Colleague: 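Dropping a structure here in structure tokens format, bear with me for questions.
Along the sequence shown, residues carry numbers from 1. Atoms within each ligand, like the ligands themselves, are counted from 1 in listed order. Source: prediction; values computed, not measured.
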Amino acid sequence: MLEVVRIPVLNDNYVWLLHDDASGQTVVVDPAVAEPVLEAAAARGWTIDQIWNTHWHGDHVGGNAAIKAATGCIITGPAAEAGKIGTLDRTVGEGDHVRIGDHVATVMAVPAHTAGHVAYHLAGDHIIFIGDTLFAMGCGRLFEGTAAQMFANMARLAALPDDTIVYCAHEYTLSNGRFALGIEPDNVALAQRVAAVEAARARGEATVPTSIGQERATNIFMRATDVTQLAARRAAKDAA
Ligand SMILES: [Zn+2]
């Protein structure tokens, strides 16, 4: 069994600590910072063996160097962004595999938020680490890519099993949900989810991870019927 620990850092980032009991291995996904991650691992008696980066933004790689200095871990990230992440030991792209113990993650290229953004999909464990591509009821901003690329990403993600647990990197759920309700006011599943998220946030609880099934029902970017509609929704959210 894999265990996933959520580490909230900075304003609204989540760093994910992934631990395989059988092998004793531990992976950190997108360490924005080092110290809280090292503390979270140490508190559990775990040693960090690897870092997996989804993209080059500072709030995803900022802890790389210090965690490597403390642990000697191996850092894997997107080949297309190796020039922007100075700390990579191994570069990967679409279809490559990375491992934690006997568990295999397949790398998916999901460009749009950044040009080389990748996701790590552990199909056997029904887990995907998606970085800033898909959020709970949202998607990443199109900083380096196009709406057509994001539309293609959404279609690929929507085709994963509904019970796939989606670990994204930010707590943007409430803002995304309120915006989405303006687009799909008659979506009952969406209205129910937003109400649940409002209550959870009022209690100070995290609303991530999410699942592919939940997103298929309530994510207006995954539910966009064509590129033009996704582009319009993304532009409207950017301006909101
Ligand atoms: Zn980002």
Side-chain angles (χ1 to χ4, degrees), residues 4 6-18 27-34 36-37 51-67 75-88 91-94 98 105 107-121 127-154 156-157 166-177 179-180 206-210 215 219-222 230-231 233-240:
V4 184
R6 176 180 49 237
I7 308 170
V9 299
L10 306 179
N11 283 335
D12 52 30
N13 278 79
Y14 292 131
V15 178
W16 302 104
L17 205 52
L18 175 65
V27 173
V28 181
V29 181
D30 282 353
V33 292
V37 178
I51 293 171
W52 297 347
N53 291 140
T54 63
H55 66 294
W56 67 267
H57 286 159
D59 61 330
H60 295 256
V61 305
N64 278 12
I67 292 172
I75 306 178
T76 298
E81 299 184 354
K84 289 179 167 165
I85 310 172
T87 44
L88 296 184
T91 61
V92 291
E94 173 71 29
V98 291
V107 176
M108 291 173 65
V110 285
H113 177 70
T114 64
H117 199 303
V118 296
Y120 298 90
H121 179 217
I127 287 172
I128 189 165
F129 294 99
I130 195 67
D132 287 354
T133 295
L134 178 69
F135 294 117
M137 295 185 278
C139 76
R141 287 181 181 244
L142 306 176
F143 287 124
E144 299 177 3
T146 65
Q149 287 175 316
M150 188 59 90
F151 185 79
N153 293 340
M154 291 295 128
R156 284 188 77 187
L157 294 169
V166 179
Y167 293 91
C168 56
H170 290 276
E171 178 66 59
Y172 291 159
T173 314
L174 186 53
S175 163
N176 286 338
F179 176 79
T207 64
V208 176
T210 178
E215 295 315 306
N219 188 309
I220 59 161
F221 301 99
M222 187 174 276
L230 185 148
R233 290 175 174 186
R234 185 63 263 176
K237 180 68 169 72
D238 290 348

Colleague: Under 2.8 Å from the Zn ion (ligand 1), is there an N/O/S atom belonging to Asp132?
Modeller: yes
Colleague: Given His117, which partner from the list Glu144, His55, His57 fulfils the side-chain contact (heavy atoms from CB on, under 4.5 Å) test?
Modeller: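 Answer to the side-chain contact (heavy atoms from CB on, under 4.5 Å) test with His117 among Glu144, His55, His57: His55.
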Colleague: The Zn ion (ligand 1) to His117: any N/O/S contact under 2.8 Å?
Modeller: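 False for His117.
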Colleague: Can Arg6 and Glu171 be counted as an ion pair, charged N to O under 4.0 angstrom?
Modeller: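 So Arg6 does not pair with Glu171 through a salt bridge.
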Colleague: Between Arg234 (side chain only) and Cys139 (backbone N and O only), is there a donor and an acceptor less than 3.5 Å apart?
Modeller: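 Yes; judged by distance alone, with no hydrogens or angles, the pair exists.
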Colleague: Counting backbone and side chain alike, does His113 bring an N/O/S atom below 2.8 Å of the Zn ion (ligand 1)?
Modeller: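 Checking the Zn ion (ligand 1) against His113, an N, O or S atom does fall under 2.8 Å.
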Colleague: Would you mind naming the N, O or S atom of His57 nearest to the Zn ion (ligand 1)?
Modeller: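 Relative to the Zn ion (ligand 1), the closest nitrogen, oxygen or sulfur of His57 carries the name ND1.
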Colleague: Any donor-acceptor pair under 3.5 Å linking the side chain of Asn153 with the backbone of Pro111?
Modeller: yes
